[in-house]
There are 2 protein chains.
Amino acid sequence: MMTEKSPNPEAGKDTFDLADFLPFLLNQAAEESSLAFQNVYKDRYGMLRTEWRVLFHLGMYGRMTAKEIGARAMMHKTKVSRAVQRLAERRFLNRTRDARDRRSEHLELTPAGEAAYRDLRGVARDYDAKLARHFTSGEVALLRSMLRQLAGIR
Amino acid sequence: MMTEKSPNPEAGKDTFDLADFLPFLLNQAAEESSLAFQNVYKDRYGMLRTEWRVLFHLGMYGRMTAKEIGARAMMHKTKVSRAVQRLAERRFLNRTRDARDRRSEHLELTPAGEAAYRDLRGVARDYDAKLARHFTSGEVALLRSMLRQLAGIR
DNA sequence: TATTGTTAGTTACAAAATCAACTATTACGC
DNA sequence: GCGTAATAGTTGATTTTGTAACTAACAATA
């Protein structure tokens, strides 16, 4: 009996392994490493992933439009629109139409939204520190820089 | 006018930035860096993410059960079940019941499945190399190792 | 060998994401 | 100004996922 399956020898001298494939690995790491954080915003505020993202963008960078959030978070406008709707229903944010261009509206957190944001930001900070603790600070800095590059952020 | 928005000063000495938050960054990097690959398996074979994952597991590691795939890819059994169904409908894999334990079934690629796998593996290899080309080989090795750790893989 | 529990995999129903079509508003070209 | 194109955001139809309940088969044990 084999102790562990290894890549199919049929591949010949080719050493490509799915477990090393960056898109696969990135997805696994992303999913696993955000599970526990996901439970916090879900259990505490009934939020979805898109919703805490919008909340964080508004809390962190201040008043902005749905379009701006979409561009920054690389979220499709439909996703942003529905997340904003749900956050507005629960009074986490206010929407005000731009006077000069009445198509777009400015989004801003309510006090309740601010409170939720501050709470979750604290959780996120601790969570991030906990993840980073597995590595040296140089490693983490390199990781962040590489991820930013991979994401095409600036 | 501001040239670029920066984290809200209200945060005080706190320098936590959403754009550095690992779960966020990992998700962005994962999504963006797999977009082009996603288009290939989608356009060429009409496959979803779960489906190419199953295909790759079978192509790379050979005949195994749905449960094994789920464990390796950290996919819920429902997801695996449906991906297997679709792959079976399109004749990319065969399912045979285990004689000793008739609950489980062994999955195996058909010749068509093997062909699709080999094609996509080639695409994946090139794709991975293209991503890695932005960094030194030492950086990439460290990245993979860190991602594996973050994903909880071994 | 009944009883109870566990496991592999499927299915049903609800929640969410995707894609395209739509409304309302502004911008452009003439 | 008038017609056309472009933009911000919403809505609806379809697809995909997630959660939980389900079936079928095996295991343990009294």
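Naming convention: chains lettered A, B, ... in sequence-line order (proteins, then strands); numbering from 1 in each chain.
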For this session: Using atom CG of A/Leu48 as one end and atom C1' of C/dA15 as the other, report the distance to the nearest whole Å.
Result: 9 Å
Seminar exercise, completed: Of the candidates D/dT11, C/dG9, C/dT7, the side chain of B/Arg103 sits closest to C/dT7
Problem set entry | Protein-nucleotide distance (A/Lys77, atom NZ; C/dT23, atom P), rounded to Å | 14 Å
Exercise. For the side chain of B/Asp101, counting heavy atoms from C-beta on, which of D/dG9, D/dC26, D/dT7 is nearest?
Worked result: D/dC26
Problem set entry | Nearest-0.5 Å distance, CZ of residue B/Arg86 to CZ of residue B/Phe92 | 13.0 Å
Exercise. How would you label the contact of A/Lys67 with the nucleic acid (heavy atoms, under 4.0 Å): base, sugar-phosphate, or nothing?
Worked result: sugar-phosphate
For this session: Would you kindly check whether a donor in the side chain of A/Arg82 faces an acceptor in the base of C/dT18, or vice versa, at under 3.5 angstrom?
Result: yes
Problem set entry | N/O donor-acceptor pair, side chain A/Arg102 with base C/dT25, under 3.5 angstrom | no
For this session: Begin from the C-alpha positions of B/Phe37 and B/Trp52 and carry the test ring pair (Phe, Tyr, Trp, His ring centres under 6.0 Å) through to its verdict.
Result: CA-CA 11 Å; B/Phe37 180 64; B/Trp52 81 258; 5.1 Å; yes
Problem set entry | Minimum-distance nucleotide to A/Thr78 side chain [options: D/dA20, D/dG9, D/dT10] | D/dT10
Exercise. Choosing from D/dT10, C/dT10, C/dT7, which nucleotide comes nearest the side chain of A/Ser81?
Worked result: D/dT10
Exercise. Base, sugar-phosphate alone, or nothing: which one does B/Arg86 contact when heavy atoms must sit under 4.0 Å apart?
Worked result: sugar-phosphate
For this session: Have a look at B/Arg97 and say if it touches a base, only the backbone sugar-phosphate, or nothing, with a 4.0 Å heavy-atom cut-off.
Result: nothing
For this session: Please report, rounded to the nearest Å, how far the P atom of D/dG9 is from the NZ atom of A/Lys79.
Result: 17 Å
Problem set entry | Closest listed nucleotide, where the reference is the side chain of B/Ser104 and the choices are D/dG9, C/dA8, C/dA17 | C/dA8
Exercise. Just wondering, do B/Leu93 and B/Arg95 contact through their side chains at under 4.5 Å, heavy atoms?
Worked result: yes
Exercise. Base, sugar-phosphate, or nothing for A/Arg49, non-hydrogen atoms under 4.0 angstrom?
Worked result: nothing
Problem set entry | Nearest listed nucleotide, side chain of B/Thr50, among D/dA6, D/dT10, D/dT17 | D/dT17
Exercise. Do we see a donor-acceptor contact under 3.5 Å between the side chains of A/Asp119 and A/Tyr41?
Worked result: no
Exercise. Less than 4.0 Å between a side-chain N and a carboxylate O, is that true for A/Asp20 and B/Arg148?
Worked result: yes
